[in-house]
Peer 1: 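Got a structure for you, questions after.
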Amino acid sequence: MAEIQIIGVVGGGQMGSGIALLAAAHGIEAAGSDALKHLHCTSNLEDLHPADVIIEAIIESEDVKRNLFSELDKIAKASAILASNTSSISITRLASATNRPEQVIGMHFMNPPPIMKLIEIVKGAETSDTTFSITKALAERFGKTVICSRDYPGFIVNRILMPMINEAFYALYTAVASKEDIDTGMKLGTKHPMGPLELADFIGLDVCLSIMKILHNGLGDSRYAPCPLLVQYVDAGRLGRKRGIGVYNYRKKAEETKASARL
């Protein structure tokens, strides 16, 4: 099995940049400078041709990802593995946009990638055992624990996590309790490091909504229907920490912190 020397990462957001930094920290050239000397930034997909593995970490949209995989299939060298950091979209359908479905795999990093210990690997219908073995070895080289999922909507983590977050929104929507009490209940009552509403803000409410829609459409069960409050917040642009407001108002907190610092 050939050792991975060069990784391409597509996507410069929280996940993509985190994956690139993780690769650089483990001595892998990450096209995408002590650890940073391994990191090379580019806005030209053609520069990813030498990569042994290309990891996609862009918006959670099947159409956008399929278009990218089609482009990467033309650019990447014949032996390259194309991996998706998708948290819910079918690997089989992404692979069908390429002429190398046996070399397409899901490699779902947890957020933030440099810190979280888990990587969820998902084999599509045509993913080869060799592709799986190389990807698993790469994840372990990163110092991660690997879990494996079949190619079903949401895989393992989000199949369980997102309905919990959605139910927390329903609890808030139906005035069961305040957002603070919902989060405190889950933190102190079930030992979660973050409450579900806080976590939704951290992930991004738009991402949570996208995954719930995929679960609802893919599994055909009404229990996965997105909470109307989650939909309303996304429609209003309340996407969470990245926008400064979601379930919680982070702009207000930032202003209060600045005011305290001036006193």
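Computed from a prediction, not measured in an experiment: that's the story for all the values here.
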Peer 1: Is it the case that over 12 heavy atoms from other parts of the model lie below 6.0 angstrom from the CZ atom of Arg141?
Peer 2: yes
Peer 1: Could you check whether any side-chain N or O of Ser96 sits under 3.5 Å from a backbone N or O of Arg93, counting only pairs where one atom can act as donor and the other as acceptor?
Peer 2: yes
Peer 1: Counting N and O atoms only, with roles assigned by atom type, does the side chain of Tyr224 sit under 3.5 Å from a partner on the main chain of Gly218, one being a donor and the other an acceptor?
Peer 2: no
Peer 1: Ile121 and Tyr152: same hydrophobic cluster, using ILVMFWY side-chain contacts below 4.5 Å?
Peer 2: no
Peer 1: Sub-3.5 Å donor-acceptor pair from the side chain of Lys77 to the main-chain atoms of His49, do we have one?
Peer 2: no
Peer 1: What about Ile165 and Val231, same hydrophobic cluster or not, with Ile/Leu/Val/Met/Phe/Trp/Tyr joined at side-chain heavy-atom distances under 4.5 Å?
Peer 2: yes
Peer 1: Kindly indicate, with the supporting measurements, whether the criterion side chain to side chain contact (heavy atoms under 4.5 Å, CB included) is fulfilled by Val10 and Ile54.
Peer 2: CA-CA 7 Å; Val10 182; Ile54 301 175; 4.0 Å; yes
Peer 1: Identify the heavy atoms of Pro114 and Gly18 that sit nearest to each other, and give their distance.
Peer 2: CG-O, 3.7 Å
Peer 1: Is there a continuous path of hydrophobic side-chain contacts, each under 4.5 Å between heavy atoms, that joins Met194 to Tyr233?
Peer 2: yes
Peer 1: Under 3.5 Å, side-chain donor or acceptor atoms of residues 166-176 against the rest of the protein: list the pairs with distances, not counting sequence neighbours.
Peer 2:
from: Asn166; atom 1: OD1; to: Cys227; atom 2: N; distance (Å): 2.9
from: Asn166; atom 1: ND2; to: Ala225; atom 2: O; distance (Å): 2.9
from: Thr174; atom 1: OG1; to: Tyr170; atom 2: O; distance (Å): 2.7

Peer 1: So Met110 and Glu120, do their side chains get closer than 4.5 Å, heavy atoms only?
Peer 2: yes
Peer 1: How many angstroms lie between atom CE of Met107 and atom CD1 of Ile91, to the nearest 0.5 angstrom?
Peer 2: 12.0 Å
Peer 1: Run the salt-bridge test on Asp206 and Lys242 with the 4.0 Å N-O cut-off and return the result as yes or no.
Peer 2: yes
Peer 1: If you count the non-hydrogen atoms of other residues, nucleotides and ligands that lie under 6.0 Å from CD in Glu62, is the total more than 12?
Peer 2: yes
Peer 1: At their closest point, which heavy atom of Ala30 faces which heavy atom of Ala20, and how far apart are they?
Peer 2: CB-O, 3.9 Å
Peer 1: Supply the atom-to-atom distance Ser90 OG to Phe155 CZ, rounded to the nearest 0.5 angstrom.
Peer 2: 7.0 Å
Peer 1: Do Ile89 and Ser84 make a side-chain contact, defined as non-hydrogen atoms from C-beta onward lying under 4.5 Å apart?
Peer 2: no
Peer 1: Does the side chain to side chain contact (heavy atoms under 4.5 Å, CB included) test come out yes or no for Glu29 and Gln5, once each step is laid out?
Peer 2: CA-CA 6 Å; Glu29 296 291 328; Gln5 298 294 331; over 6 Å; no
Peer 1: Are Leu199 and His192 close enough that some pair of their side-chain heavy atoms sits under 4.5 Å apart?
Peer 2: no
Peer 1: In this structure, are over 12 heavy atoms from other groups packed under 6.0 Å from Lys136 atom NZ?
Peer 2: no
Peer 1: Do you see a donor-acceptor pair shorter than 3.5 Å between the side chains of Ser88 and Asn158?
Peer 2: no
Peer 1: Taking all atoms of both residues into account, what is the closest heavy-atom pair of Thr92 and Ala125, and its distance?
Peer 2: OG1-N, 2.9 Å
Peer 1: Without swapping roles, check the side chain of Asp47 against the backbone of Thr42 for a donor-acceptor pair under 3.5 Å.
Peer 2: no
Peer 1: State whether Lys65 and Glu60 are salt-bridged, where the test is any N-O pair (Lys NZ or Arg NE/NH1/NH2 against Asp/Glu carboxylate O) under 4.0 Å.
Peer 2: yes
Peer 1: Heavy-atom distance under 4.5 Å between the side chains of Arg100 and Phe69, does that happen here?
Peer 2: no
Peer 1: Test the Arg241-Phe202 pair against the cation-pi criterion, namely NZ or CZ under 6.0 angstrom from the six-membered ring centroid and within 45° of the ring axis.
Peer 2: no
Peer 1: Under a 3.5 Å distance rule, please check whether Thr190 uses its side chain to pair with a backbone N or O of Met186 as donor and acceptor.
Peer 2: yes
Peer 1: About how many Å separate CD of Glu56 and CG of Asn85, when rounded to the nearest 0.5 Å?
Peer 2: 7.0 Å
Peer 1: Not counting sequence neighbours, which residues clear side-chain contact (heavy atoms from CB on, under 4.5 Å) with Ser61? List them please.
Peer 2: Ile59, Asp63, Val64
Peer 1: Are any of the side-chain heavy atoms of Glu198 and Asp201 separated by less than 4.5 Å?
Peer 2: no
Peer 1: Within a reach of under 6.0 Å around CZ of Arg66, are more than 12 heavy atoms found that belong to other residues, nucleotides or ligands?
Peer 2: yes
Peer 1: For His26 and Phe142, indicate whether the former's side chain and the latter's backbone hold a donor-acceptor pair under 3.5 Å.
Peer 2: yes
Peer 1: Have Gln103 and Thr131 got a donor and an acceptor in their side chains that come within less than 3.5 Å?
Peer 2: no
Peer 1: Rounded to the nearest 0.5 Å, how far does OG1 of Thr127 lie from CD of Glu102?
Peer 2: 9.0 Å
Peer 1: State, to 0.1 Å, how close Ser17 and Gly13 come at their nearest heavy-atom pair, and which atoms those are.
Peer 2: OG-O, 2.6 Å
Peer 1: Closer than 4.0 angstrom, basic N to acidic O: yes or no for Asp129 and Lys123?
Peer 2: yes
Peer 1: Testing the basics here: between Leu48 and Gly8, what is the closest heavy-atom pair and its distance to 0.1 Å?
Peer 2: CD2-CA, 3.9 Å
Peer 1: Do Val122 and Thr86 make a side-chain contact, defined as non-hydrogen atoms from C-beta onward lying under 4.5 Å apart?
Peer 2: no
Peer 1: When rounded to the nearest 0.5 angstrom, what distance separates CG in Asn217 from CE in Met212?
Peer 2: 10.5 Å
Peer 1: Of the non-hydrogen atoms in Asp151 and Gly124, which two are nearest, and what is the gap between them?
Peer 2: OD2-CA, 4.1 Å
Peer 1: Under the 3.5 angstrom rule, does the side chain of Lys144 hit a backbone N or O of Pro113 as a donor-acceptor pair?
Peer 2: yes
Peer 1: Answer yes or no: is there a side-chain heavy-atom contact under 4.5 Å between Leu45 and Leu68?
Peer 2: yes
Peer 1: Using atom types as modelled and distance alone, determine if a side-chain donor or acceptor of Thr98 lies under 3.5 Å from a backbone N or O of Asp73.
Peer 2: no
Peer 1: Do the non-hydrogen side-chain atoms of Val157 and Ile147 ever get within less than 4.5 Å of each other?
Peer 2: yes
Peer 1: Honestly curious: do Ile245 and Val234 fall in one hydrophobic cluster under the side-chain, below-4.5 Å linking rule?
Peer 2: no
Peer 1: Mind checking the CD1-CD1 spacing from Ile7 to Ile55? Nearest 0.5 Å is all I need.
Peer 2: 5.0 Å
